[in-house]
Amino acid sequence: MSLTLNTAYLADFVSPAELQAMEPYVQTAHRLLHDKKGPGNDFLGWLDLGQNHCSGELSRIEAAAQKIKRDSQVLVVIGIGGSYLGARAALDFLRSPHYNALPKDTPDILFAGNTLSPDALHEMLALCRGKDLSLNVISKSGTTTEPALAFRVFRDLVEKKYGKEGARGRIYCTTDKARGTLKTLADREGYESFVIPDDVGGRYSVFTPVGLLPIAVAGCNLTALLDGCAAAEQAYSNPSLAENDAYRYAAIRNILARKGRVSEVLVSYEPAFVMLGEWFKQLFGESEGKDGKGLYPTSMCFSTDLHSLGQYVQEGSPVLFETVLSLKHNRQDFFLEPDGEDFDGLNFLAGQNLSVVNHKAFLGTLLAHLQGGVPNLVVELEDRSEDTFGRLIYFFEKACAVSGYLLGVNPFDQPGVEAYKKNMFALLGKPGFEPEKARLEQLLSDL
């Protein structure tokens, strides 16, 4: 496996007996999931996307990606939450956080529609000025405020630049197969559209057209990505804790949470993994954070964040545990040459590769945090390939589903997300929300 869960550093925090005691609960969660009898069972289409993806849809995605690469310098991906985080994480992991700035033979990829900031919108438009562009708008309904607003602006830009007929060949909609505002518009205007499966929620949608079209435009190998996902589906189908790293990870998270470790930090030592942390936060935050339950998910990139948050991790409130992503093989290394003057006192590092220095920083931090009483799990990754990324995404998805069932929540809904939307609509005067506007304005004035 190009992914391994290393639990060797948990001896002082989780006993074998505690883990063994979780076995019947994990097996129950496994049955609920695979028999499709648990809460949210109508959103389990992600379980076998690697093995059972639609080859026809995949061919259309590849063809669209090739067209975008031929006729566009920029692809603007419009979406929020699960409609963009998976693709953004993949782009950084598989290509680079500096993808747009580096020389390449594929288009720049910009992510819009995930904020309501006017400054951010103006800056995004400036980046598109004078360039050939295509749009990929991703929304099941087409009415989510942030992406809908951005799509209105960018659609107008594309239509003014190419005319309605020219724009028709540059707008790609990833949406519901049969209904919704965006689907209706795509059918009316003749935009090419791709289907978000009814049984796959946004945060589990990386291996659907939601993630696959932008990933393909970046020049990544979709077949290898889905093969990695399929291999993980097979590897994590065994209900035994001893044989299933994803289930063992889910069980350990729950054991630690019951001991007061209610916040999980996803740690990496690679800037290319930072956006993966953002996807991770949505996956676990939306899946577990309900009914007054759930671990609080956050992320840090070391050694950078050791200089800002390291003090808290080491000696702060004992509510954290760390899950560390450890990369075995970088794509390229950097050899440290000696300096005759040794003005900076770093000659003790000379003659080594920077990957070795980074790994020693990981080991030194691991030891310090263990001594500080912070539990550490390590997810060891072979490389930054499509195969590894496919396995890693599925590892977290499967673990999250089981972990949610262990907590006694539905890991596939997100009822709390609607509260802010209703208040925002009322305050903005959206038709149908007028009765709430006066009440909310009075609440604000009373604060």
Side-chain angles (χ1 to χ4, degrees), residues 3-30 33 236 239-268 276-277 279-300 302 305-306 309-326 362-363 365-380 392 395-409 411:
L3 183 156
T4 305
L5 178 68
N6 185 344
T7 59
Y9 310 107
L10 285 173
D12 292 337
F13 307 100
V14 176
S15 71
E18 287 176 303
L19 199 55
Q20 185 178 5
M22 291 295 294
E23 183 90 42
Y25 302 104
V26 169
Q27 297 208 5
T28 297
H30 170 85
L33 195 60
Y236 306 134
S240 168
L241 274 178
E243 302 295 330
N244 192 321
D245 276 356
Y247 288 4
R248 194 156 64 254
Y249 168 63
I252 289 167
R253 294 177 78 253
N254 279 262
I255 292 169
L256 291 172
R258 293 171 190 178
K259 295 183 175 186
R261 301 288 176 167
V262 293
S263 181
E264 178 178 14
V265 185
L266 186 72
V267 172
S268 68
L276 182 67
W279 172 82
F280 168 90
K281 287 191 282 189
Q282 187 201 6
L283 177 68
F284 281 95
E286 278 195 350
S287 297
E288 293 188 333
K290 55 203 72 165
D291 301 334
K293 302 173 184 177
L295 290 80
Y296 180 76
T298 187
S299 60
M300 300 180 192
F302 293 168
D305 289 336
L306 288 173
L309 295 168
Q311 173 62 42
Y312 184 89
V313 175
Q314 185 74 30
E315 296 182 348
S317 181
V319 296
L320 302 175
F321 69 93
E322 294 171 290
T323 297
V324 184
L325 301 178
S326 176
F362 153 62
L363 293 176
T365 305
L366 175 71
L367 290 171
H369 289 180
L370 290 174
Q371 290 163 359
V374 182
N376 267 251
L377 298 94
V378 180
V379 178
E380 298 171 346
L392 180 61
F395 168 84
F396 281 129
E397 288 178 345
K398 192 71 179 290
C400 184
V402 169
S403 185
Y405 283 162
L406 291 176
L407 282 170
V409 301

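All residue numbers in this chain count up from 1 along the given sequence.
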query = Roughly how far, to the nearest 0.5 Å, is the CE atom of M300 from the CZ atom of F302?
reply = 5.5 Å
task = Answer with yes or no after comparing the ring centroid distance for Y247 and Y236 against a 6.0 Å cut-off, counting only values under it.
result = no
query = Taking side chain as C-beta onward, heavy atoms only, is L325 less than 4.5 Å from V267?
reply = no
request  = With the side chain counted from C-beta on, respond yes when T365 and L306 share a heavy-atom pair under 4.5 Å apart, and no when they do not.
outcome  = yes
query = Could you state the interatomic distance from OG (S287) to CD (Q282), rounded to the nearest 0.5 Å?
reply = 8.0 Å
Spacing of CG belonging to L295 relative to CG belonging to L256, to within rounding of 0.5 Å = 8.5 Å
query = For E288, which residues count as a salt bridge (charged side-chain N to carboxylate O under 4.0 Å, His left out) partner, sequence neighbours excluded?
reply = R253
ask   = Can you find a pair of side-chain heavy atoms, one from V379 and one from T323, that are under 4.5 Å apart?
value = yes
ask   = Has the side chain of K281 got a donor or acceptor atom that lies under 3.5 Å from a matching backbone atom of T298?
value = no
request  = Report yes if the side chains of H30 and V402 come closer than 4.5 Å at any heavy-atom pair, otherwise no.
outcome  = no
ask   = In chain order, what residues pass the ring pair (Phe, Tyr, Trp, His ring centres under 6.0 Å) check against F362, with sequence neighbours excluded?
value = Y269, H359
Main-chain N/O of Y9 paired to N376 side chain as donor or acceptor, under 3.5 Å = no
ask   = Atom OG1 of T4 and atom CD of E380: how far apart are they, to the nearest 0.5 Å?
value = 6.0 Å
Interatomic spacing from CG in L309 to CD in Q314 - rounded to 0.5 Å = 13.0 Å
task = Tell me, please, which residues at least two apart from K259 pass salt bridge (charged side-chain N to carboxylate O under 4.0 Å, His left out).
result = E18
message = Pair S403, N254 - check side-chain contact (heavy atoms from CB on, under 4.5 Å), show working.
response = CA-CA 7 Å; S403 185; N254 279 262; 3.0 Å; yes
task = Determine yes or no for a side-chain-to-main-chain donor-acceptor pair under 3.5 angstrom, with K290 supplying the side chain and E286 the backbone.
result = yes
message = Using every non-hydrogen atom in the two residues, find where A257 and V262 come nearest and quote the distance to one decimal.
response = O-CG1, 3.8 Å
key: Backbone N/O of A246 and side chain of N244: donor-acceptor pair under 3.5 Å   = yes
task = State, with a plain yes or no, whether a side-chain heavy atom of E322 is found less than 4.5 Å away from one of L377.
result = no
task = Taking all non-hydrogen atoms of both residues into account, name the closest pair between A21 and P24 and its distance.
result = O-CD, 3.5 Å
request  = State, with a plain yes or no, whether a side-chain heavy atom of K398 is found less than 4.5 Å away from one of L33.
outcome  = yes
ask   = Closest approach of P375 and L10, non-hydrogen atoms and distance?
value = CB-CD2, 3.9 Å
request  = Answer yes or no: is there a side-chain heavy-atom contact under 4.5 Å between L320 and Y312?
outcome  = yes
query = Of all residues at least two apart in sequence or in a different chain, which pass the salt bridge (charged side-chain N to carboxylate O under 4.0 Å, His left out) check with E397?
reply = none
inquiry  = For the CD atom on Q20, are there more than 12 heavy atoms of other groups (residues, nucleotides or ligands in this structure) within a distance under 6.0 Å?
reply    = no
ask   = Going through the checks in order, is the side-chain contact (heavy atoms from CB on, under 4.5 Å) test met by H369 and V313?
value = CA-CA 7 Å; H369 289 180; V313 175; 3.4 Å; yes
task = Indicate the atoms forming the closest heavy-atom contact of L5 with R248, along with that distance.
result = O-NH2, 4.2 Å
inquiry  = To check you understand the geometry: which heavy-atom pair defines the closest contact between A401 and P411, and what is its length?
reply    = O-CG, 3.7 Å
ask   = Can you find a heavy atom in the side chain of V374 that is under 4.5 Å from one in the side chain of F13?
value = no
remark   = Contacts of R261 meeting salt bridge (charged side-chain N to carboxylate O under 4.0 Å, His left out) (sequence neighbours excluded), chain-then-number -> none
message = Suppose we screen for ring pair (Phe, Tyr, Trp, His ring centres under 6.0 Å). Which residues come up paired with F396, at least two apart in sequence or across chains?
response = Y249, F280
key: Residue pair V26 / A251: nearest heavy atoms and the distance that separates them   = CG2-CB, 4.1 Å
query = Roughly how far, to the nearest 0.5 Å, is OG1 of T28 from CG of L406?
reply = 9.0 Å
